[in-house]
Amino acid sequence: MSQSSSQAPGAASDRASADRPTPKPGILEIHPYVPGKAKAEGIERPVKLSANENALGSSPKALEAYAEARHSLQVYPDPRTSIVRAAIAEKFRLEPERLIFGCGSDEIFALLNQVFLEPGDNMVQGQYAFAAFAIGARACQADVRAAPEPGFRIDVDEVLKCVDERTRLVFLANPGNPTGTWIPFSEVRRLHEGLPPSVVLVLDGAYGEFCLDPAFDDGLELARSASNVVVTHTFSKLYGLAGLRIGWAYGPLEITQAVDRIRLPFNTTVPAQAAAAAALGDEDFRQASIELVERWRPWLTQQLGGLGLDVVGPSAANFLLIGFPQAPGRTAAEAEAFLSARGLLLRTLYNYGLPGHLRLTIGLEAQNRAVIEALAEFMRS
Ligand SMILES: *Cc1c(COP(=O)(O)O)cnc(C)c1O
């Protein structure tokens, strides 16, 4: 898994004498991001349960604001994303200047990597960390260190063991993707206390709202006072705006100002800003989205377990990670093909080193029941 870009070939002189342009060292060793499958052969409208999108669609208030924004497409967006900035600052009682906005939280991860990593530095993450973290780090010619996740869960001691004097960033998605598991805030705090003050701890809260345990905290409170903590959030999951690409982060002023020096001035769009600001005010949609997951997560977990499948968890996100048997006829790859042929798209996880698992986004009732029915048939066949 670990790719050492600093040892890759491609010295400056070789690149100058090459007979064609050569990407800088490390670029061609990066595994491209693999998105969740969206199409099934011969099926017109497959059920996409492969990208952790919101099964309820988008906030109706966001859709209204989006429709209204069509009258403003000739103007450049506000470079400061001010309407969303003000709404978030008020909702979460945060200082507006300490917020960053991006083309999804993905862009914010890339910007943080760019601000802090130079060749030979390293970034530390969990073994099954979300792929976007590492792509950006490798693009900066930094090394990526993967801390083992025994039992598919972040182990703070393992993460701390990976940190050395060249570590600049630690990325932690809590709950994690694709594992769905989480660590209590006491552990996040212990991780933070174990890090040198020069290391930035990035807490990715993409699924934080789906974790209802009182021991969970997304870290905004910690980020308020710490000089090295950045918390990221997205409108892609809970608010159902993945297609508009907008996310945000809260961190120390020194970091947000550094990011502002390099980000593209118009990195969030007019419709995205309008829809995101409206979505923040849609408490009904937010509640309905959480309730859907709360209702079907335990049911799916129990049903899958009943079929003899190994659900990783408990999941605290809007998806489940499912382990399949190794026996021919019962494998994850065969299950994926079987489901796909029935228009049910789950996520394969080869690029996460999990060829024996599939990830299932929690869907609407009929979709969830259809998955269980199909998997029951698959396990019988
Ligand atoms: C979906 C997801 C995000 C959100 O990405 P966007 O770029 O905001 O759409 C962030 N982190 C993790 C772990 C995710 O799974």
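Counting starts at 1 for both ligands and their atoms, in listed order.
- Residues that satisfy the side chain to side chain contact (heavy atoms under 4.5 Å, CB included) test with R224, not counting sequence neighbours, are R93, L94, E221, Y250.
- The atoms of ligand 1 that sit less than 4.0 Å from any heavy atom of T234 are 4 (C), 6 (P), 8 (O), 9 (O).
- For the atom pair CD1 of I290 and CD of E209, the computed distance is 6.5 Å after rounding to the nearest 0.5 Å.
- For R166, the side chain to side chain contact (heavy atoms under 4.5 Å, CB included) partners two or more places apart in sequence, or in a different chain, are E118, D121, N122, D164, R168.
- For atom 4 (C) of ligand 1, the closest heavy atom belonging to the protein is S105 OG, 3.3 Å.
- Closest to atom 7 (O) of ligand 1 among all protein heavy atoms lies R245 NH2, 2.7 Å.
- Of all the atoms in ligand 1, the ones that sit under 4.0 Å from a non-hydrogen atom of S236 are 6 (P), 8 (O), 9 (O).
- For the residue pair N177/R359, the side-chain donor-acceptor check at 3.5 Å is satisfied.
- Counted by atom type alone, T268 and Q273 present one or more donor-acceptor pairs between their side chains at under 3.5 Å.
- Shortest contact from atom 3 (C) of ligand 1 to any protein heavy atom: K237 NZ, 3.4 Å.
- Of all atoms in ligand 1, listed by their number and element, those nearer than 4.0 Å to a heavy atom of G104 are 6 (P), 7 (O), 8 (O).
- Counting the atoms of ligand 1 from 1 in the order shown, those under 4.0 Å from a heavy atom of A206 are 2 (C), 3 (C), 10 (C), 11 (N), 12 (C), 14 (C).
- If you check each of Y207, F133, F109, F319 against atom 15 (O) of ligand 1, the one with the closest non-hydrogen atom is Y207.
- Using a distance-only test at 3.5 Å, with no hydrogens or angles considered, a donor-acceptor pair links the side chain of T361 to the main chain of N52.
- From the protein, the heavy atom lying nearest to atom 13 (C) of ligand 1 is D204 OD2, 3.2 Å.
- Between R330 and E334 there is no salt bridge, since no side-chain nitrogen of the basic residue lies less than 4.0 Å from a carboxylate oxygen of the acidic one.
- Listed by number with element, the atoms of ligand 1 under 4.0 angstrom from any heavy atom of N177 are 13 (C), 14 (C), 15 (O).
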